[in-house]
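Report on one structure; see the data block that follows.
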Amino acid sequence: MNKIGVLGLQGSFAEHIAAIEKCGAQAVDIRHSWQLEDVDGLIIPGGESTAIAKLTIDNPDPIFDTIKKRINSGMPVYGTCMGSIFLAKEIEGSAQGRLAAMDIKVRRNAFGPQRNSFETSLAIAVLGPEPFPAIFIRAPIVVSAGEDVQVLARVEEGIVMARQKNLLVTAFHPEITDDLRVHEYFLSIVEENRILGCRQLATEPLTF
Ligand code: GLN
């Protein structure tokens with residue numbers, strides 16, 4: 001059975017743990033670097049990216065370096081909302097701490113403040129013909145993406161789901177719906193990785 005870590009330092013990690021368990025995989029709440037040793041994939045949940053950025057400064061536990069090393073050696077990582085900001089190489093107008101692993105530029109709070117949160121039906125071909133109920137909460141958008149990045153879903157304002165090899169991001173929150181298809185898709189990347197071997201992604205040096 002695949003073992004999926006869910007970064008439990010910040011944000012909506014409990015909902016992701018429940019979704020992964022509903023998909024029939026094992027989920028573990030990750031708070032320390034040593035816990036990453038035997039996970040097959042990692043989810044970085046939604047939350048507040050400036051809060052997780054603070055944890056990259058003077059952290060006695062090398063948890064973020066360990067995540068970065070595991071990304072470089074092919075571990076699949078799925079970032080939701082804040083997680084997508086933390087994975088991005090570039091954050092518009094900000095140098096806040098991040099993993100800088102995925103070749104995307106994101107704009108934080110692209111739809112406005114909390115009161116502009118919304119739900120919409122999204123066409124996502126990799127999930128099948130049924131539209132996905134996508135919930136956006138102070139969500140970012142991907143404003144540009146490198147050639148290597150596969151765009152999986154868009155709204156008028158920009159890209160809201162994308163994949164680069166072992167990295168997957170959504171600007172929306174599937175963990176607070178009953179629809180498990182995004183988690184199942186991520187688990188299929190994890191499975192593919194296990195069977196075909198790691199698809200390595202060369203990333204740049206740490207930015208913190
Ligand atoms: N607006 C938040 C940020 O910039 C992200 C919100 C979310 O993860 N739901 O970090």
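Just so you know, residue 1 is the first one in the sequence shown, and it goes up from there. Indexing begins at 1, ligand by ligand and atom by atom, following the structure's order.
- Annotation for Asp178: atom CG does not count as buried by contact number, only 12 or fewer foreign heavy atoms lying within 6.0 Å.
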Could you check ligand 1 for N or O atoms lying under 3.5 Å from protein N or O atoms and list the pairs with distances?
{"unit_1": "ligand 1", "atom_1": "1 (N)", "unit_2": "Asn109", "atom_2": "OD1", "d": "2.6"}
{"unit_1": "ligand 1", "atom_1": "1 (N)", "unit_2": "Arg138", "atom_2": "O", "d": "2.9"}
{"unit_1": "ligand 1", "atom_1": "1 (N)", "unit_2": "Arg138", "atom_2": "NH1", "d": "3.2"}
{"unit_1": "ligand 1", "atom_1": "4 (O)", "unit_2": "Ser49", "atom_2": "OG", "d": "3.4"}
{"unit_1": "ligand 1", "atom_1": "4 (O)", "unit_2": "Arg108", "atom_2": "NE", "d": "2.6"}
{"unit_1": "ligand 1", "atom_1": "4 (O)", "unit_2": "Arg108", "atom_2": "NH2", "d": "3.0"}
{"unit_1": "ligand 1", "atom_1": "8 (O)", "unit_2": "Gly47", "atom_2": "N", "d": "2.9"}
{"unit_1": "ligand 1", "atom_1": "8 (O)", "unit_2": "Gly47", "atom_2": "O", "d": "3.1"}
{"unit_1": "ligand 1", "atom_1": "8 (O)", "unit_2": "Met82", "atom_2": "N", "d": "2.9"}
{"unit_1": "ligand 1", "atom_1": "9 (N)", "unit_2": "Ile137", "atom_2": "O", "d": "3.0"}
{"unit_1": "ligand 1", "atom_1": "9 (N)", "unit_2": "His173", "atom_2": "NE2", "d": "2.9"}
{"unit_1": "ligand 1", "atom_1": "10 (O)", "unit_2": "Ser49", "atom_2": "N", "d": "2.5"}
{"unit_1": "ligand 1", "atom_1": "10 (O)", "unit_2": "Ser49", "atom_2": "OG", "d": "2.8"}

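- Two rings, from Tyr185 and Tyr78, have their centers 6.0 Å or more apart.
- Heavy atoms from other residues, nucleotides or ligands lying under 6.0 Å from NZ of Lys3 number more than 12.
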Checklist entry - Which is it for Ile63 and Ile30 under the side chain to side chain contact (heavy atoms under 4.5 Å, CB included) test, yes or no, and what are the steps along the way? => result CA-CA 9 Å; Ile63 187 160; Ile30 302 284; 4.1 Å; yes
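- A salt bridge does not link Arg181 with Glu184: every distance from a Lys NZ or Arg NE/NH1/NH2 to an Asp or Glu carboxylate oxygen is 4.0 Å or more.
- Side chain to side chain, Ser49 and Arg108 meet the donor-acceptor criterion of an N or O pair below 3.5 Å.
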